[in-house]
Amino acid sequence: MSVIYNRVALIGLGLIASSMAHAMRRAGLAGEIVGTARSAATRDTAREIGFCDRVVDTAAEAVQGADLVVLAVPVGAMEAVGAEIGPCLQRDATVTDVGSVKRAVIDAVAPHLPDHTHFIPGHPLAGTEHSGPRAGFAELFDNRWCILVPNGAAHAATDRLSAFWQGLGANVDIMDADHHDLVLSVTSHTPHLIAYTMVGVADDLSRVTDSEVIKYSAAGFRDFTRIAASDPTMWRDVFLANKDATLEILGRFTEELFALQRAIRTGDGEVLHDYFTRTRAIRRGIIEAGQDTDAPDFGRSGKHD
Ligand code: NAP
(Lines give C-alpha, C1' and ligand atoms only; values in the text may rest on other atoms or scores of the structure.)
Protein backbone atom coordinates (compact mmCIF):
# COMPACT_ATOMS: atom_id res chain seq x y z
CA MET A 1 0.00 0.00 0.00
CA SER A 2 1.33 3.48 -0.75
CA VAL A 3 1.01 6.86 0.92
CA ILE A 4 -2.49 8.33 0.54
CA TYR A 5 -2.08 11.48 2.64
CA ASN A 6 1.21 13.31 3.14
CA ARG A 7 0.36 14.53 6.64
CA VAL A 8 -2.43 13.19 8.82
CA ALA A 9 -3.42 15.16 11.92
CA LEU A 10 -5.13 13.19 14.71
CA ILE A 11 -7.09 15.37 17.12
CA GLY A 12 -7.68 13.27 20.23
CA LEU A 13 -5.40 10.31 20.92
CA GLY A 14 -7.66 7.67 22.45
CA LEU A 15 -8.64 4.16 21.37
CA ILE A 16 -9.79 5.07 17.86
CA ALA A 17 -7.05 7.56 16.94
CA SER A 18 -4.23 5.41 18.30
CA SER A 19 -5.62 2.38 16.45
CA MET A 20 -5.76 4.45 13.26
CA ALA A 21 -2.13 5.47 13.77
CA HIS A 22 -1.01 1.85 14.27
CA ALA A 23 -2.99 0.76 11.20
CA MET A 24 -1.63 3.68 9.11
CA ARG A 25 1.91 2.62 10.02
CA ARG A 26 1.14 -1.01 9.21
CA ALA A 27 0.00 -0.08 5.70
CA GLY A 28 2.25 2.95 5.10
CA LEU A 29 -0.72 5.23 4.36
CA ALA A 30 0.65 8.50 5.75
CA GLY A 31 3.83 10.44 5.05
CA GLU A 32 3.69 11.84 8.58
CA ILE A 33 1.32 11.39 11.53
CA VAL A 34 0.91 14.40 13.82
CA GLY A 35 -1.19 14.02 16.95
CA THR A 36 -2.55 16.09 19.78
CA ALA A 37 -4.77 15.52 22.80
CA ARG A 38 -6.41 17.70 25.42
CA SER A 39 -4.30 16.62 28.39
CA ALA A 40 -0.54 16.67 28.79
CA ALA A 41 -0.75 13.18 30.31
CA THR A 42 -2.27 11.70 27.13
CA ARG A 43 0.21 13.56 24.93
CA ASP A 44 3.09 12.21 27.03
CA THR A 45 1.73 8.66 26.83
CA ALA A 46 1.39 8.97 23.05
CA ARG A 47 5.00 10.20 22.82
CA GLU A 48 6.15 7.30 24.97
CA ILE A 49 4.31 4.70 22.83
CA GLY A 50 5.47 6.46 19.66
CA PHE A 51 2.51 5.85 17.33
CA CYS A 52 2.74 9.45 16.03
CA ASP A 53 5.75 10.97 14.32
CA ARG A 54 5.11 14.20 16.25
CA VAL A 55 2.85 15.04 19.19
CA VAL A 56 2.08 18.74 19.55
CA ASP A 57 0.27 20.74 22.21
CA THR A 58 -2.73 22.17 20.35
CA ALA A 59 -5.17 21.18 17.62
CA ALA A 60 -4.47 24.44 15.77
CA GLU A 61 -0.79 23.47 15.59
CA ALA A 62 -1.52 19.85 14.65
CA VAL A 63 -3.55 20.69 11.52
CA GLN A 64 -0.90 22.97 9.99
CA GLY A 65 0.01 21.53 6.58
CA ALA A 66 -2.17 18.44 7.07
CA ASP A 67 -4.04 17.09 4.04
CA LEU A 68 -6.16 14.85 6.30
CA VAL A 69 -7.51 15.92 9.70
CA VAL A 70 -9.28 13.34 11.87
CA LEU A 71 -11.44 14.50 14.78
CA ALA A 72 -11.32 11.63 17.28
CA VAL A 73 -12.80 13.25 20.40
CA PRO A 74 -16.19 12.64 22.07
CA VAL A 75 -19.15 13.88 20.02
CA GLY A 76 -19.86 16.70 22.50
CA ALA A 77 -16.32 18.06 22.06
CA MET A 78 -16.40 18.23 18.24
CA GLU A 79 -17.75 21.77 17.94
CA ALA A 80 -15.01 23.38 20.02
CA VAL A 81 -12.33 21.48 18.09
CA GLY A 82 -13.92 22.51 14.76
CA ALA A 83 -13.89 26.16 15.85
CA GLU A 84 -10.24 25.93 16.87
CA ILE A 85 -8.95 24.32 13.68
CA GLY A 86 -11.18 26.09 11.12
CA PRO A 87 -8.90 29.10 10.52
CA CYS A 88 -5.72 26.95 10.42
CA LEU A 89 -6.69 24.38 7.78
CA GLN A 90 -4.73 24.21 4.54
CA ARG A 91 -6.48 24.59 1.19
CA ASP A 92 -8.07 21.35 -0.05
CA ALA A 93 -7.56 19.56 3.26
CA THR A 94 -10.03 16.78 4.02
CA VAL A 95 -11.57 16.92 7.49
CA THR A 96 -13.24 13.81 8.84
CA ASP A 97 -14.34 12.55 12.23
CA VAL A 98 -14.96 9.17 13.83
CA GLY A 99 -17.91 10.13 16.03
CA SER A 100 -20.66 7.60 16.69
CA VAL A 101 -23.40 10.08 15.69
CA LYS A 102 -23.38 11.94 12.38
CA ARG A 103 -26.14 14.59 12.11
CA ALA A 104 -25.15 16.35 15.33
CA VAL A 105 -21.48 16.36 14.35
CA ILE A 106 -22.26 17.87 10.94
CA ASP A 107 -24.39 20.58 12.55
CA ALA A 108 -21.68 21.32 15.10
CA VAL A 109 -18.57 21.24 12.92
CA ALA A 110 -19.51 22.20 9.34
CA PRO A 111 -20.20 25.90 10.11
CA HIS A 112 -16.60 26.31 11.32
CA LEU A 113 -14.85 24.86 8.28
CA PRO A 114 -13.79 27.04 5.33
CA ASP A 115 -15.24 26.38 1.86
CA HIS A 116 -11.83 25.43 0.49
CA THR A 117 -11.81 22.21 2.58
CA HIS A 118 -13.69 18.90 2.21
CA PHE A 119 -15.71 17.79 5.22
CA ILE A 120 -16.52 14.06 5.04
CA PRO A 121 -17.77 12.73 8.39
CA GLY A 122 -17.11 9.07 9.13
CA HIS A 123 -17.79 6.33 11.65
CA PRO A 124 -15.76 3.15 11.97
CA LEU A 125 -17.98 0.43 13.42
CA ALA A 126 -15.23 -0.97 15.58
CA GLY A 127 -14.29 -0.55 19.18
CA THR A 128 -13.65 -2.16 22.52
CA GLU A 129 -14.74 -1.13 25.99
CA HIS A 130 -11.24 0.26 26.57
CA SER A 131 -10.22 3.86 26.05
CA GLY A 132 -7.11 5.99 25.89
CA PRO A 133 -3.88 5.90 23.90
CA ARG A 134 -2.72 2.56 25.32
CA ALA A 135 -5.89 0.78 24.17
CA GLY A 136 -5.21 1.10 20.42
CA PHE A 137 -4.08 -1.71 18.11
CA ALA A 138 -3.54 -1.96 14.36
CA GLU A 139 -6.09 -4.71 13.76
CA LEU A 140 -9.10 -2.88 15.24
CA PHE A 141 -10.65 -2.01 11.87
CA ASP A 142 -9.83 -5.21 9.99
CA ASN A 143 -12.94 -6.50 8.20
CA ARG A 144 -15.12 -3.95 10.03
CA TRP A 145 -17.35 -1.41 8.34
CA CYS A 146 -16.58 2.27 8.15
CA ILE A 147 -19.51 4.48 7.15
CA LEU A 148 -18.69 7.70 5.33
CA VAL A 149 -21.17 10.56 5.00
CA PRO A 150 -19.98 12.69 2.05
CA ASN A 151 -22.55 15.40 2.75
CA GLY A 152 -22.01 17.04 -0.66
CA ALA A 153 -18.20 16.76 -0.68
CA ALA A 154 -16.29 16.28 -3.96
CA HIS A 155 -16.24 12.70 -5.27
CA ALA A 156 -12.44 12.65 -5.58
CA ALA A 157 -12.02 13.60 -1.91
CA THR A 158 -14.52 10.92 -0.85
CA ASP A 159 -12.80 8.27 -3.00
CA ARG A 160 -9.45 9.16 -1.45
CA LEU A 161 -10.79 8.89 2.11
CA SER A 162 -12.49 5.65 1.17
CA ALA A 163 -9.18 4.21 -0.09
CA PHE A 164 -7.55 5.35 3.17
CA TRP A 165 -10.12 3.47 5.31
CA GLN A 166 -9.75 0.40 3.13
CA GLY A 167 -6.00 0.65 3.74
CA LEU A 168 -6.74 0.66 7.48
CA GLY A 169 -8.46 -2.70 6.96
CA ALA A 170 -12.12 -1.61 6.83
CA ASN A 171 -14.90 -2.04 4.29
CA VAL A 172 -16.48 1.29 3.37
CA ASP A 173 -20.16 2.15 2.96
CA ILE A 174 -21.65 5.50 2.02
CA MET A 175 -24.78 6.72 3.84
CA ASP A 176 -26.61 9.92 4.64
CA ALA A 177 -26.39 11.24 8.17
CA ASP A 178 -29.98 10.71 9.31
CA HIS A 179 -30.07 7.15 8.04
CA HIS A 180 -26.75 6.44 9.76
CA ASP A 181 -28.13 7.72 13.07
CA LEU A 182 -31.26 5.56 12.79
CA VAL A 183 -29.35 2.41 11.80
CA LEU A 184 -26.81 2.88 14.59
CA SER A 185 -29.54 3.52 17.09
CA VAL A 186 -30.88 0.03 16.32
CA THR A 187 -27.56 -1.78 16.07
CA SER A 188 -25.49 -0.06 18.73
CA HIS A 189 -26.91 2.84 20.72
CA THR A 190 -30.13 1.32 22.07
CA PRO A 191 -28.45 -2.06 22.79
CA HIS A 192 -25.87 -0.19 24.85
CA LEU A 193 -28.64 1.55 26.79
CA ILE A 194 -30.31 -1.79 27.46
CA ALA A 195 -27.00 -3.27 28.65
CA TYR A 196 -26.44 -0.30 30.98
CA THR A 197 -29.97 -0.76 32.33
CA MET A 198 -29.68 -4.52 32.88
CA VAL A 199 -26.41 -4.15 34.76
CA GLY A 200 -27.99 -1.38 36.81
CA VAL A 201 -30.98 -3.63 37.62
CA ALA A 202 -28.67 -6.43 38.82
CA ASP A 203 -26.77 -3.93 40.92
CA ASP A 204 -29.99 -2.63 42.53
CA LEU A 205 -31.46 -6.05 43.28
CA SER A 206 -30.74 -6.57 46.96
CA ARG A 207 -32.07 -10.15 47.03
CA VAL A 208 -29.25 -11.23 44.69
CA THR A 209 -25.85 -10.43 46.11
CA ASP A 210 -23.01 -8.89 44.10
CA SER A 211 -20.94 -12.02 44.57
CA GLU A 212 -23.78 -14.17 43.17
CA VAL A 213 -24.04 -11.90 40.13
CA ILE A 214 -20.31 -12.23 39.52
CA LYS A 215 -20.17 -15.95 40.26
CA TYR A 216 -23.15 -17.00 38.13
CA SER A 217 -22.86 -14.54 35.29
CA ALA A 218 -23.54 -16.70 32.30
CA ALA A 219 -22.73 -15.46 28.79
CA GLY A 220 -25.77 -13.15 28.49
CA PHE A 221 -25.09 -11.06 31.55
CA ARG A 222 -21.33 -11.19 31.11
CA ASP A 223 -21.74 -9.66 27.63
CA PHE A 224 -23.97 -6.95 29.11
CA THR A 225 -21.31 -6.08 31.70
CA ARG A 226 -18.65 -5.78 28.99
CA ILE A 227 -20.84 -3.40 26.99
CA ALA A 228 -21.84 -1.48 30.13
CA ALA A 229 -18.15 -0.91 30.91
CA SER A 230 -17.87 1.37 27.86
CA ASP A 231 -16.65 4.92 28.32
CA PRO A 232 -19.27 7.05 30.19
CA THR A 233 -18.36 10.34 28.48
CA MET A 234 -18.56 8.89 24.99
CA TRP A 235 -21.90 7.22 25.65
CA ARG A 236 -23.44 10.21 27.42
CA ASP A 237 -22.61 12.26 24.31
CA VAL A 238 -23.99 9.59 21.95
CA PHE A 239 -27.43 9.61 23.62
CA LEU A 240 -27.59 13.39 23.91
CA ALA A 241 -26.61 13.76 20.25
CA ASN A 242 -28.79 10.96 18.83
CA LYS A 243 -31.87 11.77 20.86
CA ASP A 244 -34.65 11.40 18.27
CA ALA A 245 -33.57 8.07 16.80
CA THR A 246 -32.83 6.61 20.23
CA LEU A 247 -36.24 7.64 21.58
CA GLU A 248 -37.96 6.19 18.51
CA ILE A 249 -36.20 2.83 18.84
CA LEU A 250 -36.66 2.76 22.62
CA GLY A 251 -40.41 3.34 22.13
CA ARG A 252 -40.59 0.36 19.79
CA PHE A 253 -38.46 -1.72 22.14
CA THR A 254 -40.77 -0.97 25.04
CA GLU A 255 -43.84 -2.01 23.02
CA GLU A 256 -42.23 -5.34 22.09
CA LEU A 257 -41.13 -5.90 25.67
CA PHE A 258 -44.69 -5.35 26.87
CA ALA A 259 -45.94 -7.86 24.28
CA LEU A 260 -43.46 -10.49 25.51
CA GLN A 261 -44.27 -9.66 29.13
CA ARG A 262 -47.92 -10.25 28.39
CA ALA A 263 -47.19 -13.55 26.60
CA ILE A 264 -45.26 -14.75 29.66
CA ARG A 265 -48.03 -13.66 32.04
CA THR A 266 -50.76 -15.32 29.98
CA GLY A 267 -48.66 -18.44 29.30
CA ASP A 268 -48.72 -17.88 25.52
CA GLY A 269 -45.84 -20.13 24.50
CA GLU A 270 -46.68 -19.83 20.81
CA VAL A 271 -46.05 -16.09 20.78
CA LEU A 272 -42.72 -16.58 22.56
CA HIS A 273 -41.65 -19.41 20.28
CA ASP A 274 -42.55 -17.53 17.09
CA TYR A 275 -40.73 -14.44 18.34
CA PHE A 276 -37.55 -16.34 19.22
CA THR A 277 -37.64 -18.17 15.88
CA ARG A 278 -37.72 -14.82 14.06
CA THR A 279 -34.85 -13.38 16.11
CA ARG A 280 -32.76 -16.53 15.63
CA ALA A 281 -32.88 -15.95 11.85
CA ILE A 282 -31.36 -12.48 12.37
CA ARG A 283 -28.45 -14.02 14.27
CA ARG A 284 -27.88 -16.47 11.42
CA GLY A 285 -27.79 -13.54 8.97
CA ILE A 286 -25.10 -11.82 11.05
CA ILE A 287 -22.99 -14.99 11.11
CA GLU A 288 -23.38 -15.46 7.35
CA ALA A 289 -22.21 -11.85 6.85
CA GLY A 290 -19.06 -12.61 8.88
CA GLN A 291 -19.90 -9.94 11.49
CA ASP A 292 -20.35 -12.28 14.45
CA THR A 293 -16.97 -11.92 16.16
CA ASP A 294 -15.61 -9.08 18.22
CA ALA A 295 -12.45 -7.33 17.14
CA PRO A 296 -9.41 -9.41 18.13
CA ASP A 297 -8.45 -9.22 21.75
CA PHE A 298 -5.12 -7.48 21.32
CA GLY A 299 -6.16 -4.26 23.03
CA ARG A 300 -7.96 -5.79 25.95
CA SER A 301 -5.06 -5.57 28.36
CA GLY A 302 -4.68 -1.93 27.42
CA LYS A 303 -0.98 -2.63 26.94
CA HIS A 304 -0.83 -3.41 23.24
CA ASP A 305 1.31 -0.86 21.44
P1 NAP B 1 -11.13 7.79 24.07
O2 NAP B 1 -10.25 6.59 23.99
O3 NAP B 1 -11.79 8.11 25.35
O4 NAP B 1 -10.28 9.08 23.62
C5 NAP B 1 -10.91 10.35 23.51
C6 NAP B 1 -9.89 11.42 23.17
O7 NAP B 1 -10.59 12.65 23.12
C8 NAP B 1 -8.80 11.57 24.22
O9 NAP B 1 -7.57 11.89 23.59
C10 NAP B 1 -9.27 12.78 25.04
O11 NAP B 1 -8.21 13.57 25.52
C12 NAP B 1 -10.00 13.60 24.01
N13 NAP B 1 -11.05 14.41 24.65
C14 NAP B 1 -11.99 14.01 25.54
N15 NAP B 1 -12.79 15.03 25.88
C16 NAP B 1 -12.34 16.10 25.19
C17 NAP B 1 -12.75 17.45 25.13
N18 NAP B 1 -13.81 17.90 25.84
N19 NAP B 1 -12.05 18.29 24.31
C20 NAP B 1 -10.99 17.83 23.58
N21 NAP B 1 -10.57 16.55 23.61
C22 NAP B 1 -11.24 15.71 24.40
O23 NAP B 1 -12.28 7.75 22.97
P24 NAP B 1 -12.42 6.88 21.64
O25 NAP B 1 -13.02 5.56 22.01
O26 NAP B 1 -11.17 6.93 20.85
O27 NAP B 1 -13.59 7.70 20.93
C28 NAP B 1 -13.33 8.83 20.12
C29 NAP B 1 -14.49 9.06 19.18
O30 NAP B 1 -14.69 7.87 18.44
C31 NAP B 1 -15.83 9.37 19.89
O32 NAP B 1 -16.48 10.40 19.20
C33 NAP B 1 -16.60 8.09 19.75
O34 NAP B 1 -18.00 8.36 19.63
C35 NAP B 1 -16.05 7.48 18.49
N36 NAP B 1 -16.09 6.03 18.41
C37 NAP B 1 -15.76 5.26 19.48
C38 NAP B 1 -15.83 3.88 19.39
C39 NAP B 1 -15.52 3.00 20.58
O40 NAP B 1 -15.98 1.87 20.66
N41 NAP B 1 -14.72 3.46 21.52
C42 NAP B 1 -16.20 3.27 18.18
C43 NAP B 1 -16.46 4.09 17.08
C44 NAP B 1 -16.41 5.47 17.20
P45 NAP B 1 -7.53 13.27 26.96
O46 NAP B 1 -7.06 11.84 26.89
O47 NAP B 1 -6.42 14.24 26.99
O48 NAP B 1 -8.60 13.48 27.97
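Remember, it's 1-based here, ligands and their atoms both numbered in the order they're listed. The shown structure was predicted, so the numbers you read here are calculated from the model rather than taken from an experiment. We count residues from 1, following the sequence as given.
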Asp92-His116 side chain donor-acceptor pair, cut-off 3.5 Å:
no
Which option out of Thr233, Val98, Val101, Val81 puts a heavy atom nearest to atom 30 (O) of ligand 1?
Val98
Quick one: which ligand 1 atoms are inside 4.0 Å of a heavy atom on Gly12?
9 (O)
Thr42 and Thr45: side chain to side chain donor-acceptor pair (under 3.5 Å), yes or no, with the steps?
CA-CA 5 Å; Thr42 297; Thr45 304; 5.8 Å; no
So, do Val3 and Leu29 sit near enough that their side-chain heavy atoms are less than 4.5 Å apart?
no
Would you say ligand 1 has an N or O under 3.5 Å from any N or O of Leu15?
yes
Under 4.0 Å from one or more heavy atoms of Gly14, ligand 1 contributes atoms 1 (P), 2 (O), 4 (O), 9 (O), 26 (O)
Of Asp181, Asp176, Asp97, the residue whose pairing with Lys102 passes side-chain hydrogen bond (donor to acceptor under 3.5 Å, both in side chains):
Asp97
Proximity winner for atom 46 (O) of ligand 1, if only heavy atoms of Leu10, Val73, Leu13, Thr42 are counted:
Thr42
Just to be sure I'm reading this right: ignoring hydrogens, which of Pro133, Pro74, Ser39 gets closest to atom 47 (O) of ligand 1? Compare them by their nearest heavy atoms.
Ser39
For atom 34 (O) of ligand 1, what is the closest protein heavy atom, and at what distance to 0.1 Å?
Ser100 OG, 2.7 Å
Counting N and O atoms only, with roles assigned by atom type, does the side chain of Arg91 sit under 3.5 Å from a partner on the main chain of Thr117, one being a donor and the other an acceptor?
no
Taking the side chain as everything from C-beta on, heavy atoms only, tell me whether Met234 gets closer than 4.5 Å to His192.
no
What are the atoms of ligand 1, with element, lying closer than 4.0 Å to any heavy atom of His123?
43 (C), 44 (C)
Salt bridge between Asp67 and Arg160, side-chain N to carboxylate O under 4.0 Å?
yes
Check each of Ala40, Ala72, Ala37 against atom 5 (C) of ligand 1 and report the one with the nearest heavy atom.
Ala72
Using ring pair (Phe, Tyr, Trp, His ring centres under 6.0 Å), reason through His22 and Phe137 one step at a time and then give a plain yes or no.
CA-CA 6 Å; His22 289 298; Phe137 54 101; 8.5 Å; no
So Asn171 and Trp165, side chain to side chain contact (heavy atoms under 4.5 Å, CB included) or not? Walk me through it.
CA-CA 7 Å; Asn171 304 311; Trp165 271 107; over 6 Å; no
State whether any protein heavy atom lies less than 4.0 Å from atom 44 (C) of ligand 1.
yes
So for ligand 1, is Ile16 a polar contact partner (N or O within less than 3.5 Å, distance only)?
yes
At less than 4.0 angstrom from any non-hydrogen atom of Ser131, what atoms of ligand 1 do you find?
1 (P), 2 (O), 3 (O)
For Gly132, the ligand 1 atoms with a heavy-atom partner under 4.0 Å come out as 1 (P), 2 (O)
Mark up the atoms of ligand 1 that fall under 4.0 Å of a heavy atom belonging to Ala77, in ascending order.
16 (C), 17 (C), 18 (N), 19 (N)
re atom 48 (O) of ligand 1, the protein heavy-atom contact at minimum distance is Arg38 NH2, 2.8 Å
Taking the non-hydrogen atoms of Ala126, is any one of them nearer than 4.0 angstrom to ligand 1?
yes
Salt-bridge criterion met for Arg26 and Asp142 (N-O under 4.0 Å)
yes
Connected via hydrophobic side-chain network under 4.5 Å: Phe224 and Leu205:
yes
List the closest protein heavy-atom neighbour of atom 40 (O) of ligand 1: residue, atom name, distance to the nearest 0.1 Å.
Gly127 CA, 3.3 Å
Which of the atoms in ligand 1, numbered in the order shown and given with their element, are less than 4.0 Å from a heavy-atom of Pro124?
43 (C)
